Amino acid sequence: MAAASTLQAAPIDLIIDTDPGADDVVALFLAMASPHELSIRAITTVAGNVRLDKTSRNARLAREWAGREDIPVYAGAGRPLVRTPIYAADVHGEEGLTGVQVHEPKAPLAQGNAVQYLVDTLGAAEPHSITVAMLGPQTNLALALIQRPSIVKGIKEVVVMGGAHFNGGNITPVAEFNLYADPHAAEVVLASGVQLTYLPLDVTHKLLTSNARLKQLAAVNNQASKRVVDILNAYITHDMDVYGIPGGPVHDASVIAYLLKPELFSGRRIHMSIDSREGPTFGQTIADWYGVLKRPANVLWVEQGDAQGLFDLLSARLARLE
């Protein structure tokens, strides 16, 4: 029995769909520093925190900084399915990253479009074999599912940073930014029947930085940790000011931490719906936590997480980078 316990689980076959963004870059560092657990097939980019040209550049920058130019980056949807585009430059800065200098990375984008990449890759995959981490608006996957609904068979799980219930929203009183930016896309993904896990503001607002945690990251003392600390120091001030909280959330890193160490998190399977009607509840996730609607569960809604465990994991993985 002892020998069996030493066997390494096969790495998760992973596509990361993202709109970098400060916390997206931290998430990408965490993922790219974990090759034994995460086999990253590609990074696909979408407009969200900033415009597509900047999210695509920032994804390539994160790849360059992490020394992982082996991972292709495909640019995807430049606007939501239906709604007028919105961005979050007030939080992430005009370039999508504050606290660090940005430049044009050496390695270019992969040829082709992210949506077609998803159609081709998921369509050719073994059944239920590829996990998709969604760190921004869900436009790319929605477009791929609309184009070829059968690709759902290739997906093992979709893990979303998005939504809010107990916590309230961060772009309106009830809506979280990624869902508000394209609720129609999120509805398409939800309706596809794919295995869905949501890490909403309910949990990410419990996984906060602190002076001690930032010092812990700085103590790693390499280029990667310095960049993460510089990015976070600039990024967290907005949420600390708005919400009166003692530290800032690193939303998207929670998705990668969940994939690496699910034991740090807990939640329950519930029924969730999304409000895409124009009005004050546009983009709201209606999470039936107590099952009052008596409808079948369609998402795993993560509600608790181990904050120190997240920062311990992040500091340990950043130490593997340069």
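Atoms considered below: every heavy atom in the structure, side chains included; atoms not considered: hydrogens, waters and symmetry mates. Computed from a predicted model, the values in this text were never measured in an experiment.
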Evaluate whether atom [atom1] of [X] has more than 12 neighbouring non-hydrogen atoms of other residues, nucleotides or ligands under 6.0 angstrom away.
X: Gln111; atom1: CD; result: no
X: Lys261; atom1: NZ; result: no
X: Arg269; atom1: CZ; result: yes
X: Glu322; atom1: CD; result: no
X: Arg51; atom1: CZ; result: no
X: Asp241; atom1: CG; result: yes

Given the side-chain rings of His92 and His238, with only the six-membered ring counted for Trp, is the space between their centroids under 6.0 Å?
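No; His238 has its ring centre 6.0 Å or more from that of His92.
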I'd like to know if [Y] and [X] are part of one continuous hydrophobic network [Ile/Leu/Val/Met/Phe/Trp/Tyr, side-chain heavy atoms within less than 4.5 Å].
X: Phe177; Y: Tyr87; answer: no
X: Leu201; Y: Ile256; answer: yes
X: Leu118; Y: Ile40; answer: no

Centre of Tyr180's six-membered ring, under 6.0 Å away, within 45 degrees of the axis: is that where NZ or CZ of Arg83 sits?
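Relative to the ring axis of Tyr180, which defines the angle, Arg83 lies inside both limits.
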N-O pairing of [X] and [Y] below 4.0 Å:
X: Arg57; Y: Asp53; value: no
X: Arg41; Y: Asp13; value: yes
X: Arg60; Y: Glu69; value: no

Tyr74 and Tyr117 aromatic ring geometry - parallel, tilted or perpendicular at 30°/60° bounds
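Parallel, since the angle between the ring planes stays under 30°.
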Specify whether Trp301 and Tyr198 have parallel, tilted or perpendicular ring planes, treating 30° as the upper limit for parallel and 60° as the lower limit for perpendicular.
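Judged by the thresholds at 30° and 60°, the geometry between Trp301 and Tyr198 is parallel.
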Any donor-acceptor N or O pair under 3.5 Å, side chains Gln216, Gln308:
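Gln216 vs Gln308: donor-acceptor pair found between side chains.
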State which residue, out of Leu135, Asp23, Val73, fulfils the side chain to side chain contact (heavy atoms under 4.5 Å, CB included) condition with Thr18.
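That would be Leu135; it is the only one of Leu135, Asp23, Val73 passing the side chain to side chain contact (heavy atoms under 4.5 Å, CB included) with Thr18.
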Applying the side chain to side chain contact (heavy atoms under 4.5 Å, CB included) criterion to Thr281, which one of Ile286, Thr172, Asp275 satisfies it?
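The option that passes is Asp275.
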